[in-house]
**Q** 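The structure under discussion is supplied below as structure tokens; questions concerning it will follow.
Counting starts at 1 for both ligands and their atoms, following the listed order.
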Amino acid sequence: MSKEKKTAIQPKREENFPEWYQQVIKQADMAENSPIRGCMVIKPWGYTLWENIRNVLDKKFKKTGHVNAYFPLFIPLHLMEKEAEHVEGFAKECAVVTHHRLQSDQKHGLKPAGKLEEPLVIRPTSETIIGEMFAKWVQSYRDLPLLINQWANIVRWEMRTRLFLRTTEFLWQEGHTAHQTEKEAWEETLTILDIYKDFAEEYMAIPVLTGEKTENERFPGAIKTLCIEAMMQDRKALQSGTSHFLGQNFAKASNIQFQDQNGDLSYVWTTSWGVSTRLIGGIIMVHGDDNGMCLPPRLAPTQVVILPIIKNDSEKEYVFDYCNKIAVALQEKQYYDKQIEVSLDTREMNAGEKSWEWIKKGVPVILEIGPRDIQNDSVFVYRRDKTRPERYSQKRDIFIDEIIDVLDTIQNALFNRAQAFRNEHTREIDDYTSFQQFFTPHKKSDLEIFGGFALSHWCGSTECENKINEDLSVSIRCIPLSKEKSDKGKCILCGKQSMGRVVFARAY
Ligand SMILES: [Zn+2]
């Protein structure tokens, strides 16, 4: 590793964060833009990360009683229009299919032939189509609760797109549940929020705040939207998952009724909830550094990479053989319900280049092994969570014995670093001048201390919320669920009575 002083990613984070972000994705070979405007191609390194996210969450959903199903990509327009707020909220983002080409004259290639009797919306979310089916499936209280999840793709038309963060098509899971009582549906909304929080913190190593969205930011058609919010390294917030309490809005729109124990008909109470490939953007922006991606071990596609260092062909066989034995020994170990993923990289290329490639991909542990290491029965270890490339030699059997601990140490180090960063950039602010200063640094040196999460009082009015957003492009990310009642104060803008602090930040 000759380039120790140079960083692998240009520009650095502090120079141009958005460009740094694009470069990390490119250098780690995670995804790229496609010929279709706004749609991304997720490459194997990025997709395996998504698969790992999916597998962990899928287990958690199933453990809490949910089952997977699949619903159509197309939603007839009349279904979308059933819930008034919902259709209004998504109207501008919908891609709509209006033509087919059955019976078309072949000479005209793919020109549309016939107009559809009813336009089909490509799902921007599936409440309406799933509601339509729930209405058929639910007859009696015995059919409840219905706890369904779907892994699918979604289309929301976007003009300005960014890989993983905002794309026209993306992958996600959407949970949809129906319950007998309001209480049960609300508990479900909270249960899912907990699952998202635990997943973000334990697996993604990202500390999150939980809370409720304001009316402005609520899911169209929901009574309450709960969310997890994380702080990125540019101190902006990323909404990383949402859990919606839909009350009886969608039940009434789709006529989902059940006969209760007394024989009376009632509408069910529903919820919906989702996380998407956006989480990958969050992992990059929280953990990535000026040398590229930095993956939390519990989700990394590969936890350990072994790089044989060979000077001439005569060394090849016994070096490869030694490396192979280590790979096999590591693969026999279990890390979070899975065997450790090991890559043995035997490609014939410059050792330094090879090593940088894996650093940029963010693999937690890289081993370099050459003839001299083998003589000492040891390995050269590099830990990706360290800011400066730092390597140490270790006896082979000790390395193998301690690998689980090392992976957990890295996992915890990433979480602690992210949490310390968030804490450092979170403050209680009680006057509007300081609030403005916090979000508008005047000197370049201010950049290091300004911006982040402001915990400030808010009167609850949409007017104040909108005014702050217009002035500073700062929004209310969430109203914390556990507000301390004693913490009363005055609205940061209008000075009226507030019931507690809310979280203000710039957001993605
Ligand atoms: Zn106010």
**Q** Do T64 and H66 get their side chains close enough for a donor-acceptor pair, meaning under 3.5 Å?
**A** yes
**Q** Which protein N, O or S atoms lie under 2.8 Å from the Zn ion (ligand 1)?
**A** C459 SG, C464 SG, C491 SG, C494 SG
**Q** Should D289 and R13 count as an ion pair when the cut-off is N to O under 4.0 Å?
**A** no
**Q** Charged N to carboxylate O below 4.0 Å: is that the case for K183 and E187?
**A** yes
**Q** Do S272 and H176 meet the criterion of a side-chain donor-acceptor pair at a distance under 3.5 Å?
**A** no
**Q** Please output the side-chain donor-acceptor pairs of residues 156-163 that fall under 3.5 Å, not counting sequence neighbours, one pair per line with the distance.
**A**
{"unit_1": "R156", "atom_1": "NE", "unit_2": "P124", "atom_2": "O", "d": "2.8"}
{"unit_1": "R156", "atom_1": "NH2", "unit_2": "P124", "atom_2": "O", "d": "2.8"}

**Q** Within a radius of less than 6.0 Å around NZ of K197, do more than 12 heavy atoms belonging to other residues, nucleotides or ligands occur?
**A** yes
